[in-house]
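Read the numbers this way: they start at 1 and go in the same order the structure lists the ligands and their atoms.
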Amino acid sequence: MNQNWHGTLIRHLLLLVTGCLLVGLISGYYGWSLAIGLAFYLGWTLKQLLRLHEWLRQHKPDEAPPDGYGLWGEVFDSIYHLQRRDQRVRGRLQAVIDRVQESTAALKDAVIMLDSDGNLEWWNLAAETLLGLKTPQDSGQPVTNLVRHPRFKEYFEQGNYGEPLDIPSPVNDHLRIQLYITRYGNNEHLMLVRDVTRIHQLEQMRKDFIANVSHELRTPLTVICGYLETLLDNVDDVNPRWKRPLSQMQQQGERMQTLLNDLLLLAKLEATDYPSDNQPVAIDSLLRSIKSDAQALSGQRNQTITLDVEADCALKGSEAELRSAFSNLVFNAVKYTPDGGSVRIRWWADSAGAHLSVQDSGVGIDNKHLPRLTERFYRVDSSRNASTGGTGLGLAIVKHVLLRHRARLEISSVLGHGSTFTCHFAPGQVTKPQPKTLID
Ligand code: ADP
């Protein structure tokens with residue numbers, strides 16, 4: 001193998017030339033015999049080249065190269081070995097790919113690979129059961145054509161995959177699926193889909209339980225509060241010493257009623273993804289009415305409440321839900337701002353959408369509490385909370401209402417210097433206000 005082919009080639013050529021010269025010596029035609037000899041050599045070389053070309057073009061995977069003589073035989077063999085080595089490497093790679101595909105095919109979770117434009121490239125068996133993908137017809141199709149839920153389309157196009165998405169399965173409405181999308185390589189997407197029907201059912205049971213308990217407690221509580229009111233009205237006829245305990249009982253009863261109402265509202269908000277009402281809501285008049293309620297709540301506390309409406313636009317959604325969210329923010333600002341403080345409500349719009357901010361000069365909130373503030377019953381200071389009479393559900397309601405209106409809540413606060421709660425609404429949620437009718 002390690003023969004010196006350089007030397008051999010030169011020897012062969014010298015042999016050919018010597019042969020030709022000998023023939024020339026015998027025949028007397030040196031030039032012709034040399035030319036014929038070299039032409040013969042060239043012809044033979046071309047023939048070998050053609051055989052090699054033919055073999056490279058048409059050989060079967062395991063077919064050995066044609067037999068060759070000398071250097072050409074060596075070239076044939078080397079190419080054949082290179083090919084065999086390449087085949088072995090490819091075989092090993094294919095085995096790895098097959099194992100990965102076999103293991104992902106055995107997964108209960110769906111794995112889908114999408115190209116940079118969101119077209120389907122590859123998926124496992126579970127993707128066919130969970131998403132109804134069909135092999136091979138759906139290959140190359142945009143995923144948004146096959147998973148047609150509007151929330152999926154929005155989620156996929158926004159490209160913000162920090163949080164997973166929960167939607168009903170396109171194959172079966174009773175199946176609930178959770179989608180995770182990760183970007184990899186050249187902006188390709190890897191989509192994982194899990195069946196979360198069981199977790200969803202448990203979650204649903206929890207929500208139903210809270211809604212039912214709150215509903216069932218409402219009637220007895222109304223009766224108790226009614227009697228307490230009557231007793232308080234006639235307390236002097238019963239026993240004046242009962243006045244204080246009775247009024248405390250009435251206060252706590254009212255607090256429980258507010259709590260139940262908030263729990264019922266939250267249950268209602270959680271029941272559907274979007275508000276059933278999707279009319280343009282005039283925010284300026286809504287804020288004016290909330291401002292006058294806030295002034296009533298503030299009473300004699302000498303707080304300055306200002307309203308700056310800088311945008312003449314409406315929001316698509318439910319007026320009742322938006323009122324509840326905005327008034328929770330404004331009333332919190334009034335509650336957590338000491339006497340003489342200020343509360344500023346501002347409504348404006350720009351290219352990023354419409355925004356509402358409620359800024360106060362109140363007690364402020366330590367940074368460490370901010371991420372958990374919208375959790376149910378999360379309180380910064382429970383002793384302070386008891387005095388303000390809050391339920392701890394206000395910001396949870398705000399978060400849910402905003403989610404349903406494609407908006408997000410931003411909270412910034414400096415302890416001791418006040419807080420700003422800002423609601424950012426997506427441009428798609430902003431609309432023109434409805435023209436006022438003559439009756440208005
Ligand atoms: P609550 O009914 O107790 O006010 P919320 O969910 O509305 O419940 O608020 C949760 C907690 O966030 C409150 O207990 C309070 O400590 C804090 N908080 C809310 N708004 C403000 C604000 N404007 N300034 C200071 N703290 C606030």
**Student:** Are Q87 and R90 close enough that a side-chain donor and a side-chain acceptor fall under 3.5 Å?
**Tutor:**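 There is no such pair between these side chains.
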**Student:** Between N212 and D208 (side chain of the first, backbone of the second, donor and acceptor by atom type, cut-off under 3.5 Å), is there such a pair?
**Tutor:**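 Yes: the side chain of N212 pairs with the backbone of D208.
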**Student:** Counting only heavy atoms closer than 4.0 Å, does ligand 1 sit against the backbone of T337, its side chain, both, or neither?
**Tutor:**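 Under 4.0 Å from ligand 1, T337 contributes no heavy atoms.
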**Student:** Which atoms of ligand 1 have any heavy atom of S419 under 4.0 Å away?
**Tutor:**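 Under 4.0 Å from S419, ligand 1 has these atoms: 24 (N), 25 (C).
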**Student:** Kindly confirm or rule out an N or O of G394 lying under 3.5 angstrom from an N or O of ligand 1.
**Tutor:**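 Looking only at distances, the answer is yes, because the N/O contact criterion of under 3.5 Å is met.
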**Student:** With side chain to side chain donor-acceptor pair (under 3.5 Å) as the test, would you mind laying out the steps for T104 and N124 before giving the verdict?
**Tutor:** CA-CA 6 Å; T104 41; N124 66 351; 5.4 Å; no
**Student:** Looking at ligand 1, is there an atom of it that comes within less than 4.0 Å of some heavy atom belonging to T391?
**Tutor:**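 A heavy atom of T391 does come that close to ligand 1.
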**Student:** Give the atoms of ligand 1, by number and element, whose distance to some non-hydrogen atom of G392 is under 4.0 Å.
**Tutor:**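 By the 4.0 Å cutoff, the relevant atoms are 1 (P), 2 (O), 3 (O), 6 (O), 8 (O).
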**Student:** Given the rule in the side chain to side chain donor-acceptor pair (under 3.5 Å) test, do H369 and Y378 qualify, once you have shown the distances and angles that lead to the verdict?
**Tutor:** CA-CA 9 Å; H369 296 294; Y378 187 81; 2.8 Å; yes
**Student:** Specify whether H189 and F156 have parallel, tilted or perpendicular ring planes, treating 30° as the upper limit for parallel and 60° as the lower limit for perpendicular.
**Tutor:**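 H189 and F156: tilted rings.
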**Student:** What atoms of ligand 1 come closer than 4.0 angstrom to any heavy atom of L395?
**Tutor:**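 Every atom of ligand 1 under 4.0 Å from some heavy atom of L395: 5 (P), 6 (O), 7 (O), 9 (O), 10 (C), 12 (O), 19 (C).
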**Student:** Do T337 and R301 get their side chains close enough for a donor-acceptor pair, meaning under 3.5 Å?
**Tutor:**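 T337 vs R301: no donor-acceptor pair found between side chains.
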**Student:** Check this for me: does any side-chain nitrogen of one of K108 and D195 sit under 4.0 Å from a carboxylate oxygen of the other?
**Tutor:**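 Here K108 does not pair with D195 in a salt bridge, since their nearest N and O are not under 4.0 Å apart.
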**Student:** Show the atoms of ligand 1 that are less than 4.0 angstrom away from any heavy atom in Y378.
**Tutor:**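 Heavy-atom distances to Y378 below 4.0 Å select 10 (C), 11 (C).
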**Student:** Please compare L329, V363, L373 and report which has the shortest non-hydrogen distance to atom 12 (O) of ligand 1.
**Tutor:**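 Nearest option to atom 12 (O) of ligand 1, by heavy atoms: L373.
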**Student:** Classify the contact between K335 and ligand 1 as side chain, backbone, both or neither, using a heavy-atom distance cut-off of under 4.0 Å.
**Tutor:**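 Near ligand 1, K335 shows its side chain, while the N, CA, C and O stay back.
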**Student:** For ligand 1, which atoms have a heavy atom of V380 less than 4.0 angstrom away?
**Tutor:**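 This gives 16 (O), 17 (C) as the contact atoms.
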